[in-house]
Amino acid sequence: KMFKKALFSLAAAGTAVAGYQHLKKQDLAMEGDHDQFVRGFATKALHVGNEADKTTGAVIRPIYLSTTYLLDLDHPNLSDYFYTRIAHPNKEAFEKCFASLEDGKYCVASSSGLSASALVMSLLKPGDEVICAPDIYGGTYALFANHIAEMQGIKFVWVDFSKLDEVEKAFTDKTKLVWVETPSNPMLNVYDIEKVAKMTKKHKDVILTVDNTFMTPVFQKPLNLGADIVIHSGTKFIGGHSDVLIGVLAMNDEALYKKLKARCAYLGPAAMPLECYMALRGLKSLKLRVTKCEENARKLAAELEKHPKVTKVIYPGLKSHPGHEIMKKQTTGFGAIITFNIKGGLPEADKFARALTFVPHAVSLGGIETLCCVPAVSTHRCVDKKIRESLGVSDTMVRVSVGCEDFEDLKDDIFNALAHCQIFFIDILSFIPINKQPK
């Protein structure tokens, strides 16, 4: 009997300890201390910043649409929130989650990708210089070349980052920022972040900013490779459903964070509650979505390489891509963006776009659905034609942001559209002996 009582007591004690530990975990979860429980990417995306609401216990945090908050009259300077442009619970939750996914300490969410770019540029003073590759998103190029350069008196030095010796020569005592977009938009050029970072660190007080929009933190983490700031158009893969506009900056340096946070608050482009709520929801399925998108992209790129009406396929996952080995070194995947060229000219590209059935011809990228666009008349129409063509952005270039559709359906729609790109004159000439072809 005494032995049974002892066993019963031990079992009861074990249950009590387990219950206490469970309650302790719940308390920690409510306080947001996930570090000792949350490690993997998908788990972070689901739980960091997603703590249950302390007031109601709601598992999913509500959208806090209030523009103003009660102040602590005894300690007004200690209030967490007092005005939405400065801070609000949805923004705080999203920033906390995103920083953890980029392996960063801090994050600043703004109203769009371009507003985030403008915030980074606000760190500079007139006379400062920026080293940047010209093959970047057309909107970023226009912002830098047509607006920031004029408004702030900033000089942009455009350099091919595949030639690191030229990048090194571009540094001067006025260089304050290096801007890298890899893979680039839409040429998908790949640059070695670690080598650029080591080069940048040789020069005092120069900030390296890497645009990670195309790869997302699922596949590439620039902070771990030496970048100071990582920037995203969160409108793309982060939101993931083509229904939210948001920009994101992640970093580890506290001084940089404080500057960018203050500029975001007082220049005004802070991300609002609904957008932060939607973007946080997007993070929860980010790994699932981009993994499936990349799986489809790999298959589609391989099929397009064999198509007779396609002259060139650019995709970092192909061994034919010049940056393939760099990608294998600095990423864990190749992304979901493909660029390819169609035989003919702009009329053939137009026929292709019009022949698509369920794939929309639209700008933007990173949504759960596939999107196609012809950059020459969309994303890069604001770039001077000579500059655009010198970068390789031709009239027949098509950019595909591959989505999560069933692959065979996706392939059939794109290949059916390619079938409409008839080039009768060239086809006829191919049957005429060369010495008798018209001159």
Side-chain angles (χ1 to χ4, degrees), residues 23-38 43-112 115-116 119-120 122-123 223 229-230 232 234 238-239 244-284:
L23 290 172
K24 188 65 178 175
K25 282 188 179 184
Q26 284 190 325
D27 290 341
L28 286 169
M30 292 290 280
E31 292 168 11
D33 184 4
H34 286 77
D35 290 349
Q36 57 182 306
F37 307 118
V38 178
T43 313
K44 286 181 182 179
L46 287 167
H47 296 287
V48 175
N50 284 287
E51 301 87 355
D53 182 65
K54 292 181 180 180
T55 304
T56 65
V59 173
I60 302 300
R61 279 195 177 192
I63 305 171
Y64 294 88
L65 293 176
S66 180
T67 58
T68 188
Y69 294 83
L70 282 174
L71 295 175
D72 184 337
L73 295 177
D74 296 321
H75 307 94
N77 291 330
L78 298 181
S79 298
D80 290 334
Y81 314 110
F82 63 96
Y83 193 63
T84 291
R85 175 171 45 78
I86 310 298
H88 56 81
N90 295 113
K91 184 171 183 284
E92 181 183 72
F94 171 74
E95 289 175 340
K96 182 178 180 181
C97 185
F98 192 83
S100 75
L101 298 181
E102 277 287 7
D103 287 348
K105 294 179 180 178
Y106 310 104
C107 176
V108 175
S110 66
S111 58
S112 68
S115 72
L119 283 175
V120 174
S122 75
L123 298 171
L223 293 178
I229 299 173
V230 177
H232 288 258
I238 303 305
V244 60
L245 204 65
I246 195 168
V248 201
L249 300 169
M251 67 229 68
N252 281 315
D253 185 89
E254 187 177 8
L256 267 180
Y257 166 66
K258 287 181 175 179
K259 286 182 182 179
L260 289 166
K261 181 182 179 182
R263 281 164 170 76
C264 189
Y266 294 104
L267 290 175
M272 292 293 102
L274 177 60
E275 284 71 21
C276 289
Y277 175 89
M278 298 282 278
L280 182 61
R281 186 186 66 174
L283 288 179
K284 294 179 182 182

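Along the sequence shown, the residues carry numbers beginning at 1. For clarity, every value in this text was computed on a predicted model and none was experimentally measured.
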Would you say [X] and [Y] make side-chain contact, with heavy atoms under 4.5 Å?
X      : Y      : answer
Asp253 : Leu223 : no
Ser110 : Val248 : no
Leu249 : Tyr257 : no
Cys276 : Leu274 : no
Tyr277 : Ile60  : yes
Met251 : Leu260 : yes
Val48  : Lys96  : yes

| task | Verify side-chain contact (heavy atoms from CB on, under 4.5 Å) between Leu280 and Asn90, making sure each step is shown before the conclusion. | result | CA-CA 8 Å; Leu280 182 61; Asn90 295 113; over 6 Å; no
| said: Salt bridge or not between Glu95 and Lys91? Use side-chain N to carboxylate O under 4.0 Å. | reply: yes
| field | Short N-O contact, Glu102 and Lys44, less than 4.0 angstrom | value | no
| query | Crowded around Lys284 NZ? As in, over 12 foreign heavy atoms under 6.0 Å? | reply | yes
Atom of [X], atom of [Y] and distance for their closest heavy-atom approach:
X      : Y      : value
Cys97  : Leu283 : SG-CD1, 3.7 Å
Gly234 : Ile238 : O-CB, 3.4 Å
Tyr64  : Asp53  : OH-OD1, 2.7 Å
Ala52  : Gly57  : CB-O, 4.1 Å
Gly49  : Ala93  : O-CB, 3.2 Å
Cys107 : Ala99  : CB-CB, 3.9 Å

Just how far is it from atom [atom1] of [X] to atom [atom2] of [Y], taken to the nearest 0.5 Å?
X      : Y      : atom1 : atom2 : result
Met272 : Ile63  : CE    : CD1   : 13.5 Å
Leu256 : Lys261 : CG    : NZ    : 14.5 Å
Glu275 : Leu245 : CD    : CG    : 7.5 Å
His88  : Thr68  : NE2   : OG1   : 13.5 Å

| query | With sequence neighbours excluded, what pairs up with Phe98 under the ring pair (Phe, Tyr, Trp, His ring centres under 6.0 Å) test? | reply | Phe94, His232
| task | Could you walk me through whether Val108 and Val120 pass the side-chain contact (heavy atoms from CB on, under 4.5 Å) test, one step at a time? | result | CA-CA 11 Å; Val108 175; Val120 174; over 6 Å; no
| query | Any donor-acceptor pair under 3.5 Å linking the side chain of Thr84 with the backbone of Ser66? | reply | yes
| Where the side chain of Arg263 meets the backbone of Leu119, is there a donor-acceptor pair that is under 3.5 Å apart? | no
| said: Using side-chain contact (heavy atoms from CB on, under 4.5 Å), reason through Tyr266 and Ile86 one step at a time and then give a plain yes or no. | reply: CA-CA 8 Å; Tyr266 294 104; Ile86 310 298; 4.2 Å; yes
